[in-house]
Amino acid sequence: MQIRPATPTDVPAVLPMVTQICALHESWDAAKYGFLPNPAQRYDRWLRAQATSDRSIFLVAERESSDAPGKLVGFIIATIETEIPIYRLKDYGFIHDLWVEPDYRRLGVGRQLVEQTLQALAHQGIQQVRLDTAHANEAARRLFQSCGFRISTIELLAEINP
């Protein structure tokens with residue numbers, strides 16, 4: 001498995017994975033993840049911009065195989081965000097999405113994507129990385145905790161019906 005920086009030409013191969021991650025999130029909590037129609041299509045321009053931004057880390061996992069050369073089987077997208085000016089920390093990394101195709105899970109691909117993202121952010125001087133995981137996503141929490149993340153806040157959601 002090769003982990004490499006994504007390019008704008010990788011985005012069409014990533015979009016089906018975006019569709020899957022959006023559907024999974026919405027199945028877990030439709031109130032939190034109530035997407036507009038065609039979320040992958042809406043992600044397209046943003047991902048292309050992130051592929052060339054110096055304030056993002058967008059990596060893909062590419063399968064090295066003679067029967068399917070260059071097949072993308074996972075991705076991670078993180079950005080560098082600016083904290084509001086009441087905190088000592090100026091910038092932090094934020095992991096927006098991580099996806100590994102089901103046939104490639106439990107092979108260390110997700111860990112490699114996370115670890116390389118953390119290394120790339122550290123190389124840019126980032127000292128803190130944050131992310132959100134769905135309450136139902138125990139596997140992701142275990143992965144992230146094994147990569148050094150800890151629970152920091154717990155988000156609560158209330159639906160108000162007027």
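Every value quoted in this text rests on a predicted model; they were computed, and no experiment measured them.
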[atom2] on [Y] to [atom1] on [X], rounded to 0.5 Å:
{"X": "R106", "Y": "R111", "atom1": "CZ", "atom2": "CZ", "result": "11.5 Å"}
{"X": "I154", "Y": "H135", "atom1": "CD1", "atom2": "NE2", "result": "8.5 Å"}
{"X": "I80", "Y": "Y92", "atom1": "CD1", "atom2": "OH", "result": "11.5 Å"}
{"X": "R142", "Y": "T133", "atom1": "CZ", "atom2": "OG1", "result": "11.5 Å"}
{"X": "I77", "Y": "S53", "atom1": "CD1", "atom2": "OG", "result": "8.5 Å"}
{"X": "F35", "Y": "I21", "atom1": "CZ", "atom2": "CD1", "result": "8.0 Å"}

Between [X] and [Y], what is the shortest heavy-atom contact and its length?
{"X": "Q124", "Y": "D54", "answer": "OE1-O, 3.0 Å"}
{"X": "E26", "Y": "G34", "answer": "OE2-CA, 3.6 Å"}
{"X": "R105", "Y": "V100", "answer": "NE-O, 2.7 Å"}
{"X": "L72", "Y": "A13", "answer": "CD1-CB, 3.7 Å"}
{"X": "A120", "Y": "I57", "answer": "CB-CD1, 3.5 Å"}
{"X": "P12", "Y": "T9", "answer": "CD-O, 3.4 Å"}

**Request:** Could you tell me whether R55 and E81 make a salt bridge, using a distance below 4.0 angstrom between a side-chain N and a carboxylate O?
**Result:**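 E81 and R55: not salt-bridged.
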
**Prompt:** Are E62 and K71 close enough for a salt bridge, meaning some N to O gap below 4.0 Å?
**Reply:**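 Here E62 does not pair with K71 in a salt bridge, since their nearest N and O are not under 4.0 Å apart.
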
Under 4.5 Å between side-chain heavy atoms, counting indirect links through other Ile/Leu/Val/Met/Phe/Trp/Tyr residues: same cluster for [X] and [Y] or not?
{"X": "M17", "Y": "V73", "answer": "no"}
{"X": "V60", "Y": "L107", "answer": "no"}
{"X": "I126", "Y": "I76", "answer": "yes"}
{"X": "F75", "Y": "V109", "answer": "no"}

**Request:** Apply side-chain contact (heavy atoms from CB on, under 4.5 Å) to L131 and F144, showing your working.
**Result:** CA-CA 9 Å; L131 57 84; F144 290 123; 3.4 Å; yes

**Request:** Return yes if a side-chain donor-acceptor contact under 3.5 Å exists between R130 and S152, otherwise no.
**Result:**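 On atom types as modelled, these side chains do not qualify, holding no pair under 3.5 Å.
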
**Message:** Side chains of E101 and Q20 only: does a donor on one sit below 3.5 Å from an acceptor on the other?
**Reply:**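 Yes, because at least one side-chain N or O of E101 sits under 3.5 Å from a partner of the opposite role on Q20.
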
**Item:** Residues, nucleotides or ligands: over 12 heavy atoms within 6.0 Å of E138 CD
**Value:**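 Check fails, neighbour count at 12 or below.
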
**Prompt:** So does I151 have more than 12 non-hydrogen atoms from other groups sitting under 6.0 Å from CD1?
**Reply:**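 Open: at most 12 neighbouring heavy atoms sit under 6.0 Å from CD1 of I151.
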
**Request:** Check whether any side-chain heavy atom of V18 sits under 4.5 Å from a side-chain heavy atom of P39, and report yes or no.
**Result:**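 No, too far: nothing below the 4.5 Å cut-off.
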
**Test item: L24 and Y33 side chains (from C-beta on) under 4.5 Å apart, heavy atoms** =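 No - every pair of side-chain heavy atoms lies 4.5 Å or more apart.
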
**Request:** Not counting sequence neighbours, list each pair that qualifies as a ring-ring contact (aromatic ring centres under 6.0 Å, His included) and has a residue in residues 39-63.
**Result:**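 Output for this query lists Y43-W46, W46-H96.
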
**Of all pairs that satisfy ring-ring contact (aromatic ring centres under 6.0 Å, His included), the ones with a partner from residues 110-133, not counting sequence neighbours** =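 As it turns out, there is no ring-ring contact (aromatic ring centres under 6.0 Å, His included) pair with a partner in residues 110-133 once direct neighbours are skipped.
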
Do side-chain atoms of [X] reach the backbone of [Y] as a donor and acceptor pair under 3.5 angstrom?
{"X": "R42", "Y": "P37", "result": "yes"}
{"X": "T19", "Y": "L15", "result": "yes"}
{"X": "R141", "Y": "R150", "result": "no"}
{"X": "N137", "Y": "A134", "result": "no"}
{"X": "S56", "Y": "Q50", "result": "yes"}
{"X": "N38", "Y": "Q41", "result": "no"}
{"X": "R63", "Y": "M1", "result": "no"}
{"X": "T117", "Y": "L113", "result": "yes"}

**Item:** Evaluation steps, side-chain contact (heavy atoms from CB on, under 4.5 Å), between L98 and L143
**Value:** CA-CA 11 Å; L98 167 67; L143 169 65; 3.7 Å; yes

**Item:** L121 vs Q127, side-chain contact (heavy atoms from CB on, under 4.5 Å): CA-CA, chis, key distance, verdict
**Value:** CA-CA 8 Å; L121 288 166; Q127 297 176 343; over 6 Å; no

**Request:** Apply the test side-chain contact (heavy atoms from CB on, under 4.5 Å) to residues F149 and I95: give CA-CA distance (whole Å), side-chain angles for both, the deciding distance (0.1 Å), then the verdict.
**Result:** CA-CA 12 Å; F149 287 84; I95 296 176; 4.0 Å; yes

